[in-house]
Number of protein chains: 2
Amino acid sequence: MRRKVTLKQIAKELDVSISTVSKSLRDSPEISEDTRQKVQAFAKLYNYKPNNIALSLKNKKTKTICIIIPEIIHHFFTTVISGVEHVANEKGYNVIVCLSDESFDKEVINMEMLANGSIDGFIMSLSKETQLKKDYHHITEVINQGMPVVMFDRVTNDILCDKVIIDDFLAAYNATQYLIDKGFRKIGLISTVDYVSVGKHRTDGYCKALQSNEIPVDDKMILKIEDTNDFEKEIEQLFQTTDLDAVFAVNEIFAVTAIKIARKIGKKIPDDLSIIGFTDGIISKYSSPSITTVSQNGVKMGEKAAKMLIEKLEIEDDDFEEQYKTEVIETELIERESTK
Amino acid sequence: MRRKVTLKQIAKELDVSISTVSKSLRDSPEISEDTRQKVQAFAKLYNYKPNNIALSLKNKKTKTICIIIPEIIHHFFTTVISGVEHVANEKGYNVIVCLSDESFDKEVINMEMLANGSIDGFIMSLSKETQLKKDYHHITEVINQGMPVVMFDRVTNDILCDKVIIDDFLAAYNATQYLIDKGFRKIGLISTVDYVSVGKHRTDGYCKALQSNEIPVDDKMILKIEDTNDFEKEIEQLFQTTDLDAVFAVNEIFAVTAIKIARKIGKKIPDDLSIIGFTDGIISKYSSPSITTVSQNGVKMGEKAAKMLIEKLEIEDDDFEEQYKTEVIETELIERESTK
DNA sequence: TTTCAACACGAAAACGTTTTCGATTCTATA
DNA sequence: TATAGAATCGAAAACGTTTTCGTGTTGAAA
């Protein structure tokens with residue numbers, strides 16, 4: 001077991017000072033060719049690598065960013081991670097992934113823990129509970145300490161910071177309009193409870209589309225799901241109490257479950273019922289029938305968020321004009337087999 | 001913007017020494033009640049939190065572990081992350097997630113980057129390319145430096161370290177036997193290339209089960225997929241050149257794709273063809289028909305791996321008897337709709 | 001020979017902690 | 001009152017770097 005070698009050890013071994021070793025390794029012109037080569041050879045032999053922690057302490061930069069997501073089970077979030085990872089690694093940053101499990105407390109703990117020097121900045125999507133409580137003190141706290149934060153997808157207007165979102169309202173509007181254009185009039189909605197920001201926006205877009213086409217919004221056709229554990233019954237009830245010819249679901253789990261329930265009660269997809277989902281995830285693609293869906297490019301969101309964060313991190317502190325941007329990622333409707 | 005306050009600043013402000021501040025905050029008996037309260041009050045007011053990096057440098061412990069996975073798209077790996085996160089957080093550790101993208105180089109870079117003080121230990125599953133090259137120098141290097149490594153799922157016998165696996169051979173054997181018990185004889189296999197360790201073991205289990213039942217192994221019924229990008233054609237060809245009544249697929253992507261192709265060429269699932277997958281992931285559950293599968297409890301694997309790693313980290317260096325364990329996680333067959 | 005610059009290197013501070021040990025003051029006992 | 005011992009605090013080292021600045025040596029020009 002050969003422990004890592006330090007500058008001090010090299011210095012001692014070669015009988016020079018620590019400074020000389022450091023400078024030699026960084027090719028400082030102050031050092032003579034002779035000693036430089038001697039030191040470098042020795043360092044290579046013992047596989048010297050500078051200690052990251054010491055560097056972090058000295059530079060006050062850790063070259064590490066943290067992404068906090070509510071759940072890892074939603075494929076969308078894993079694609080965001082993938083995007084973040086990609087550009088972060090490219091720029092020499094590491095990524096710490098934290099899961100809030102939709103819990104306010106876990107979100108707070110994670111942030112407080114990491115904000116004390118461990119990382120340089122946050123990329124995050126709000127947990128359900130945080131959105132419900134509307135308590136963002138932990139985030140403002142971090143921002144006030146001068147640590148940049150980029151929010152994505154589930155964001156809030158109560159916080160001033162960089163954001164990456166899609167136009168949930170417009171995407172839902174277009175999806176609904178697509179169904180209307182196909183001739184459907186009895187269009188159901190399977191959404192989340194309103195305090196989840198994106199759920200609210202998508203619900204609004206759905207309603208607006210109906211209104212624009214002078215189709216009355218019928219609350220009986222709208223299902224807002226709170227508990228993700230046992231929502232199959234609710235969907236089944238929706239299908240049995242209403243006579244829908246199309247459904248817009250705000251995520252792919254809801255969409256695929258709707259398909260399953262519809263089948264169970266004897267409806268053929270898409271012949272008897274057309275379904276549009278949200279998020280072009282792995283389920284939509286591999287489900288049979290594959291699901292027509294609003295693509296929400298998670299990789300692109302992650303990449304963009306990481307770029308914005310790292311940009312903020314690398315501008316000199318001199319020209320710190322606080323300019324917050326909100327980037328809107330394009331969505332598109334991917335037509336597959338669940339609509340006709 | 002109120003920057004983080006340090007011990008030095010508090011000391012200066014209260015006109016005491018840094019040591020006194022530090023001791024006061026840690027409730028040292030050396031300090032008088034008076035000054036202790038004074039310091040603590042001041043610290044609370046200014047929301048003092050110790051700097052993690054400084055602590056890491058001092059303690060030579062970062063309280064951070066890294067998990068390296070080949071791909072985040074496989075739901076199995078995300079469940080492992082979830083398990084690791086869970087116990088790590090419980091024990092006060094942070095988790096850095098790295099994606100090797102099945103690339104040897106990325107695996108090496110990630111490990112070399114983080115091994116220099118940034119983290120305390122690794123949890124990892126080998127990339128395809130690493131398994132192909134059989135080059136594990138980066139891993140032995142890390143282990144030789146005294147940093148514990150726990151491997152899971154895709155492991156190798158060439159490295160001595162703690163491991164968490166399932167019995168791939170037995171699980172595949174049982175799955176195949178299950179099909180045989182149902183009366184099937186023409187059982188196809190959709191596997192990965194042999195250098196992926198788990199693919200090889202599952203293939204062996206399949207073959208062994210056939211042999212035990214005196215069913216000849218027919219290479220034409222075995223498809224080994226190398227390129228994950230365009231394997232649909234290969235599966236289609238398999239179905240057209242052979243007349244199978246059942247298929248065992250070594251992961252859920254292969255399984256769901258097999259269903260899709262089978263449907264496409266007019267076969268009904270499970271009436272004309274029964275299919276068993278591997279990994280009880282999100283696809284298997286939500287696919288319709290839902291997929292009978294070998295459950296490979298990723299959460300449990302992650303939890304176990306994290307526990308083993310943290311245990312290694314927290315034993316005193318005194319009693320360092322190198323004892324490596326290999327933990328085998330139970331699998332079970334989950335019967336769903338894709339078999340009859 | 002003197003002087004000055006270039007050259008080569010080392011000492012020390014700094015990042016923010018914790019901890020050991022020494023120093024000073026106070027209290028109580030002889 | 002002298003003194004031992006407790007109580008209270010500060011100096012400094014240590015973790016591993018980088019970097020500024022100072023210092024000594026060398027060579028060449030005056």
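Heavy-atom basis, side chains included; hydrogens, waters and symmetry copies ignored. Bear in mind the structure is a predicted one, so any value in this text is a computation, not a measurement.
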A.B. asks: Let me have the donor-acceptor pairs involving side chains of residues 85-92 of chain B, under 3.5 Å, with sequence neighbours excluded, atom names and distances please.
C.D. replies:
from: Glu85(B); atom 1: OE1; to: Asn89(B); atom 2: ND2; distance (Å): 3.2
from: His86(B); atom 1: ND1; to: Glu303(B); atom 2: OE2; distance (Å): 3.4

A.B. asks: Looking at Lys134(A) and Asp158(A), is any side-chain nitrogen of the basic one under 4.0 Å from a carboxylate oxygen of the acidic one?
C.D. replies: no

A.B. asks: When the distance from CZ of Arg26(A) to C1' of dT20(D) is rounded to whole Å, what number comes out?
C.D. replies: 14 Å

A.B. asks: Indicate whether OP1 or OP2 belonging to dC9(C) is found under 4.0 Å from a side-chain N or O atom of Thr35(A).
C.D. replies: yes

A.B. asks: Just N and O in the side chain of Ser22(B): are any of them under 4.0 Å from OP1 or OP2 of dT18(C)?
C.D. replies: yes

A.B. asks: With a cut-off of less than 4.0 Å, is there a side-chain N or O of Lys8(B) near OP1 or OP2 of dC15(C)?
C.D. replies: yes

A.B. asks: Can you spot which of Leu309(B), Val84(B), Ile65(B) makes a side chain to side chain contact (heavy atoms under 4.5 Å, CB included) with Val150(B)?
C.D. replies: Leu309(B)

A.B. asks: Just how far, in rounded Å, is P of dA14(D) from CD of Gln9(A)?
C.D. replies: 14 Å

A.B. asks: Taking the side chain as every heavy atom from C-beta outward, state whether His138(A) and Phe104(A) have any atom pair closer than 4.5 Å.
C.D. replies: yes

A.B. asks: Any N/O pairs under 3.5 Å between the protein and nucleotides 26-28 of chain D? List them or say none.
C.D. replies:
none

A.B. asks: Tell me the side chain to side chain donor-acceptor pair (under 3.5 Å) pairs involving residues 53-68 of chain B, sequence neighbours left out?
C.D. replies: Thr62(B)-Asp120(B)

A.B. asks: Using a strict threshold of under 4.0 Å (side-chain N to carboxylate O), is an ion pair present between Asp162(B) and Lys325(B)?
C.D. replies: no

A.B. asks: With Ser100(A), which of Glu107(A), Glu71(A), Met124(A) fulfils side chain to side chain contact (heavy atoms under 4.5 Å, CB included)?
C.D. replies: Glu107(A)

A.B. asks: Could you identify which residues of residues 50-64 of chain B place a heavy atom less than 4.0 Å from some atom of DNA chain D, listed by residue number, or say none?
C.D. replies: Leu57(B), Lys58(B), Lys60(B)

A.B. asks: Rounded off to whole Å, could you give me the CD1-to-P distance for the Ile18(A) and dA14(D) pair?
C.D. replies: 11 Å

A.B. asks: Just to be sure I understand the rule, does Thr6(A) reach a base, reach only the sugar-phosphate, or reach nothing, if contact means heavy atoms closer than 4.0 Å?
C.D. replies: sugar-phosphate

A.B. asks: I'd like to know whether NZ of Lys49(B) has more than 12 heavy-atom contacts from other residues, nucleotides or ligands below 6.0 angstrom.
C.D. replies: yes

A.B. asks: Could you pull out the protein-nucleic contacts involving nucleotides 20-25 of chain C (nitrogen or oxygen on both sides, under 3.5 Å)?
C.D. replies:
from: dT20(C); atom 1: O4; to: Lys23(B); atom 2: NZ; distance (Å): 3.3

A.B. asks: Report the distance from atom CG of Leu25(A) to atom C1' of dT18(D), rounded to the nearest whole Å.
C.D. replies: 12 Å

A.B. asks: Considering every strand and a 4.0 Å limit on heavy-atom distances, what is the contact class for Ser32(B): base, sugar-phosphate, or nothing?
C.D. replies: sugar-phosphate

A.B. asks: So, are Arg154(B) and Glu102(B) salt-bridged, with charged N and O less than 4.0 Å apart?
C.D. replies: yes

A.B. asks: For Asn157(B), look at atom CG and say whether over 12 heavy atoms of other residues, nucleotides or ligands are found less than 6.0 Å away.
C.D. replies: no

A.B. asks: Nearest-Å distance, CG (Asp15(A)) to C1' (dC9(C))?
C.D. replies: 12 Å

A.B. asks: Which residues satisfy the salt bridge (Lys or Arg N to Asp or Glu O under 4.0 Å) test with Lys163(A), sequence neighbours excluded?
C.D. replies: none

A.B. asks: Tell me what Ile31(B) touches on the nucleic acid: a base, only sugar-phosphate, or nothing, going by heavy atoms under 4.0 Å.
C.D. replies: sugar-phosphate

A.B. asks: Given atom CG of Leu14(B) and atom C1' of dG10(D), what is their separation to the nearest angstrom?
C.D. replies: 15 Å

A.B. asks: Could you walk me through whether Phe77(A) and Ile72(A) pass the side chain to side chain contact (heavy atoms under 4.5 Å, CB included) check?
C.D. replies: CA-CA 6 Å; Phe77(A) 288 120; Ile72(A) 206 165; over 6 Å; no

